[in-house]
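Written below as structure tokens is the structure these notes are about.
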Amino acid sequence: MRQREAVPFGRPRIVGHELDYIAQAVAAGELSGDRSFTARCHRWLEATCSSTRAFLTHSCTAALEMAAILTEVGPGDEVIMPSYTFVSTANAFTLRGATPVFVDVRADTLNLDEQLVAAAVTERTRAIVPVHYAGVAAEMGALMKLADRHDLWVVEDAAQALLSTFEDRALGGIGHLGCFSFHETKNVTSGEGGALTVNDPRLVERAEVVREKGTNRSQFFRGATDKYTWVDVGSSYLPGELIAAFLYAQLERANDITAERRAVVRRYEEAFAGLHADGRIALPGVRLSERGNGHMFYFLATDLAARTGLLDHLRGCGVGAVFHYVPLHSSPAGERYGRTGSAMPVTDAVADRLVRLPVYGGITEAEQERVVAAVLDYFARATP
Ligand SMILES: *Cc1c(COP(=O)(O)O)cnc(C)c1O
């Protein structure tokens, strides 16, 4: 059994009216999806992302699967994405028979390197899927221009990026489609949950159908058609109303949640500036507390051995620190279903060196102090 950590990596919590709203939904007899709380979540996301339409889903994974259907990728088609990402970014497109083409990331943001993306475009490329790692924007200006030139779809994996911006535009509202996660580990959560933002009006009607099991149910209830029937492929992507009720209470507090987490990240940045200056660790190439949304704090150890030593030490101190990702290009399924579109020096190095520290709303001064002390203590003992 895993030992209980004194300072866990994350800790979900109630931030406002979650339980009241769930009670309201039950009292109103609204349990299945697309009722009043779902509608409120949709309007919140549309306003925040300046999206044509937003749709709650069961997860970001589900939103990515909807995006793969809507972009009509299939066997023989290629979709360019980072290797340094969560599996769902690739798996959603692989399910449609398309080939993920993995490209290296920039060392400063760990997001898609736009020059390598340009070099990886072929006749078969249909879409680009930028991931906004740690809530820091990928190079959306360059990527949208490239997509425009080659007539490609852009699907933002904005799982980590709620309330982050690129040149004052909300992430998830810039590509043709955006995909959000409300998983327990994200800033704003409903346990499991997600959303698809549709920013290209051409895709709205089909998105409704795909999300409703391939039926025209939404049009039928609007009175836009007189038959409720099977009209296209789809699946059941809409969550029930209890999830939406919980989520809406979190969305109402999303700005406060972001500000609080940014302050936690800023404290780590300040505490470890000395280690960075001494070359014992490398802080990210951008200020996560400014460019990010407080989703994550990470730094890079000098190499794999140093990271392993540090993580062992932190575990011993009861501090829940973690690393990720196993790069998709070297994962078993990534090798089987995808291919690389560039060399991967940054991805491979980061995968061995990255360390994430606890960031959550409600982390106490004492808890954060304990994390900082444990890290400093490790480097005070370890010979450089
Ligand atoms: C969390 C995450 C996902 C998956 O989100 P779910 O809601 O759990 O499906 C996808 N992509 C990235 C980059 C993530 O961080």
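In listed order, ligands and their atoms are each counted from 1.
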Less than 3.5 Å apart, N/O on ligand 1 and N/O on the protein: could you list those pairs with the distances?
| residue | atom | partner | partner atom | Å |
| --- | --- | --- | --- | --- |
| ligand 1 | 5 (O) | S181 | OG | 3.3 |
| ligand 1 | 7 (O) | C60 | N | 2.8 |
| ligand 1 | 7 (O) | S181 | OG | 2.7 |
| ligand 1 | 9 (O) | C60 | N | 3.3 |
| ligand 1 | 9 (O) | T61 | N | 2.8 |
| ligand 1 | 9 (O) | T61 | OG1 | 2.5 |
| ligand 1 | 11 (N) | D157 | OD1 | 3.3 |
| ligand 1 | 11 (N) | D157 | OD2 | 2.8 |
| ligand 1 | 15 (O) | Q160 | NE2 | 2.8 |
| ligand 1 | 15 (O) | K186 | NZ | 3.2 |

Practice prompt. Please test T189 against Q250 for side chain to side chain donor-acceptor pair (under 3.5 Å), starting from the C-alpha separation and ending with a verdict.
Written response: CA-CA 7 Å; T189 182; Q250 294 253 324; 5.6 Å; no
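- If you look at H329 and F102, their ring centroids are not closer than 6.0 Å.
- Under 4.0 Å is where a charged nitrogen must lie from a carboxylate oxygen, and between D256 and R253 at least one such pair does.
- At a threshold of 4.0 Å, the pair R11-E367 counts as salt-bridged, since one of the basic side-chain nitrogens sits closer than that to a carboxylate oxygen.
- Around atom CD of E260, more than 12 heavy atoms belonging to other residues, nucleotides or ligands sit under 6.0 Å away.
- Aromatic pair F93/Y337: centroids not less than 6.0 angstrom apart.
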